[in-house]
Each structure stands twice: as C-alpha cells, then as structure tokens.
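Structure record follows, encoded as structure tokens.
Atoms within each ligand, like the ligands themselves, are counted from 1 in listed order. Numbering of residues begins at 1 and proceeds along the displayed sequence. Bear in mind that the values here come from a model prediction, so they are computed numbers and not experimental data.
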Amino acid sequence: MQNIFELEYSKVENILNNIGEKSYRIKQIYQWIFQKKITNFSQMSSLSKNLRNYLEETFTIGLPKIVTINNSVDGSQKFLLELSDKTNIEMVLIPHLNKNTLCISSQVGCARKCSFCATAQMGLIRNLTIAEIVGQVYLAQLELGDKRLTNIVFMGMGEPFDNYDNVISAVKMLQNKEMFKISPRRITLSTSGVIPGIEKLSREGIRVKLAISLNSAIPEKRKTLMPITNKYSIPELKKTLQNYSHRTHFPVTFEYVMIRNFNMGKDDIKALIKFVGDLSCKINLIPWNSLNYLSYESPSKMEITDFSEKLKRINSAVTIRKSRGNDINAACGQLAFHSINDKNSLL
Ligand code: SAH
C-alpha cells in the first residue's frame with residue numbers, strides 16, 4: 001500500500017494507465033480528493049466499483065495527525081502534528097486580510113545549527129516524506145473550509161534544500177492544477193544558503209519564489225549566527241545568486257533577522273548594501289523573536305524603524321515583517337517540538 005500523496009500526478013496517471021484506465025479517471029479521483037475533500041476511496045461514487053476496489057487495495061490517503069491547535073490573539077494558528085513514527089512537526093496558518101498563508105516544515109528538526117533559531121536546538125531527526133510535506137497543506141485546507149489557502153512558505157522547521165528531492169516533488173504537486181492548484185508566485189522556498197540546492201533549482205524549470213536567510217553580510221558575524229557560512233561562503237553565495245537570477249529571472253528575497261546590538265550597526269548596513277549590490281531583490285527585515293534560553297535581544301520599535309530607514313535610502317524594496325503568533329511561540333524561528341512542553345502549547 002502506498003500513500004497517494006507520495007506520488008506526483010504523472011506517476012499515478014501511469015499506474016492507472018497500466019491497468020487500462022483512461023487519463024480522465026485520475027482527474028475524477030483528484031476532484032474527489034481536492035474539491036470534495038473526500039479521503040476515502042469507497043465514497044468516490046462516480047468511479048466504477050472495480051476501480052474503487054483497486055484504489056483501496058493499492059493506495060492510502062495518509063495525513064499527519066493534529067495533536068493540538070494553538071490560537072494566537074492575532075488570528076494565526078499553530079498546529080502541532082504527529083507523524084506515523086510518532087515524531088512531531090509544527091505548521092502555522094497565518095490569515096491576513098484576504099490572504100491565508102501557511103508556513104510549513106520540511107524536516108523534523110534541522111541540521112544547520114543557526115544560533116538564533118529554536119528548531120536548531122533539536123538537531124536533525126529526519127527528512128519529511130513528500131506526503132508529509134503536502135499533507136500539511138491538505139490538512140490546512142480542510143481546516144480552512146470554504147476559505148482558500150493562498151500562500152505557502154517553507155519557513156517552518158527544517159532546511160528545505162537539505163531535503164531537496166522531496167521538497168521539489170511537493171512543490172510540483174502543490175502547483176499542479178489537478179491537485180493543490182497553488183500559484184507559483186505564491187510558494188516561497190526559504191534557505192539558509194545551501195548553494196548546491198540553489199544551483200539545482202535554477203535548472204529545475206519550476207517557478208517559485210526564493211528567499212535567502214542572510215542575517216549578516218559580514219563573514220565572521222554570519223559564521224556565528226549561521227555555521228553554514230563555513231561551508232558555503234558569502235562571496236560564493238553571492239555568485240550563485242547572480243547566476244540564479246541570470247538564468248531564471250525569478251525574484252530573490254533576502255531575509256534579515258534583526259538582533260539588537262549585533263547585526264544592526266553602521267558596518268552591518270554597509271556590508272549588506274555592498275553584498276546586495278546590483279542584484280535585483282527585496283529585503284525582508286524580521287525582528288528577532290526572543291527565545292528565553294538564548295541570550296540575544298530583540299530590537300525596539302525605534303531601532304527597527306531606524307535600521308529600515310537607513311537601508312531604504314539605498315534599496316527601496318525593504319519591508320519589515322510583522323511578527324505573527326508570537327504569543328503562542330509560532331513566530332519565525334520559534335518552532336520546535338519541545339514547545340509542546342511550554343504551557344502555551346497545551347490547549
Ligand atoms: N532553514 C530555512 C527555513 C526555516 S527558517 C531558512 O533558513 O531559511 C525561516 C526564517 O526564520 C529564516 O529567515 C530565519 O532566519 C528566521 N528565523 C529563525 N529564527 C528566528 C527567530 N528567533 N526570530 C526571527 N526569525 C527567525
């Protein structure tokens with residue numbers, strides 16, 4: 001038995017063609033799954049009894065299990081999910097005006113050891129399967145009911161490019177018009193700077209938004225924040241992004257977590273501006289969300305405005321990301337399984 005969410009559209013199509021089913025049948029199956037939200041093959045009444053039996057014997061429709069849902073005062077919701085091997089991941093649903101953004105995980109834990117991030121403290125437990133990645137999106141759509149999920153960001157737990165193949169298959173399924181039907185402009189892959197992944201993506205021929213977590217353009221400083229800098233240096237990263245832009249013409253966004261008295265000074269701005277250079281990009285500033293076991297500090301409102309104003313003089317495409325779900329530890333970099341032990345996590 002195979003989880004049907006593990007398979008890209010063309011694979012399921014092949015399997016069904018091999019047993020003599022016409023291609024339009026697979027469309028019908030996916031209409032049941034994605035439009036009518038039916039996850040039981042026996043209820044797909046427009047299919048022949050034979051086909052229903054075959055599907056039941058061949059496939060499952062397996063989803064992660066929701067353990068708890070935490071509601072933030074700002075409307076965002078954090079879901080603690082349990083996977084089949086009892087490991088846990090988190091995802092966050094963030095409604096804003098007429099947008100519904102889902103922040104999903106790509107790994108259980110993470111291997112990249114960023115010093116300011118909660119997930120890093122867990123270390124890497126394992127990669128998510130394709131079905132576990134797209135399953136998060138399916139669950140969110142069930143939760144949303146009539147409301148549409150509009151945006152997906154791979155900014156939950158894990159480094160997406162350390163689970164490259166599964167993440168790319170998941171993205172293809174999320175974009176497939178017979179499946180999740182999410183516009184390519186509305187899917188963001190966020191990476192700590194895994195150069196081989198960025199290079200591979202530039203040749204993949206699929207359209208997504210790419211976000212790079214930069215956080216400092218000063219090599220020594222970035223190394224303390226993000227040890228990945230020891231492996232993939234800042235100049236190499238820049239060169240890779242230039243090639244990526246040149247080849248794909250797709251937009252690149254830099255994420256910059258602002259940490260008080262650490263990466264918000266004159267030298268930091270100077271290095272950032274020099275790094276960005278003539279690359280066409282956006283810069284997204286994120287105030288560091290505090291984690292009580294780390295000694296970094298979040299910037300004040302004044303410090304945030306001041307830093308962004310200075311940057312804006314040089315690059316107009318600077319935005320400040322408003323933190324959401326802070327009260328339930330659902331904000332950027334606050335996702336980790338151990339938060340189940342926080343009093344906030346228990347409903
Ligand atoms: N591994 C990927 C995706 C997950 S992190 C990556 O590094 O991009 C998603 C974003 O959250 C990154 O931009 C990261 O820099 C940011 N982040 C991590 N911890 C944070 C914290 N405590 N406060 C604010 N942002 C944080």
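- For the 3.5 Å distance criterion, the side chains of Y164 and E204 qualify, holding a donor opposite an acceptor.
- Between E82 and K86 there is a salt bridge, since at least one side-chain N of the basic residue sits less than 4.0 Å from a carboxylate O of the acidic one.
- Qualifying side-chain hydrogen bond (donor to acceptor under 3.5 Å, both in side chains) partners for Q43, counting only residues two or more places apart in sequence or in other chains: none.
- Considering only residues two or more places apart in sequence or on other chains, K172 meets the side-chain hydrogen bond (donor to acceptor under 3.5 Å, both in side chains) condition with none of them.
- For ligand 1, the protein residues within 4.0 angstrom (heavy atoms only) are F116, C117, F154, M155, G156, G158, E159, P160, S190, T191, S192, S213, N215, E255, V257, I286, P287, W288, N289, C332, G333.
- No side-chain donor from either of N100 and T150 sits under 3.5 Å from a side-chain acceptor of the other.
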Extract all donor-acceptor atom pairs below 3.5 Å that involve side chains of residues 175-182 and protein atoms in other chains or at least two apart in sequence.
{"unit_1": "Q175", "atom_1": "NE2", "unit_2": "R207", "atom_2": "O", "d": "2.7"}
{"unit_1": "N176", "atom_1": "OD1", "unit_2": "E178", "atom_2": "N", "d": "2.8"}

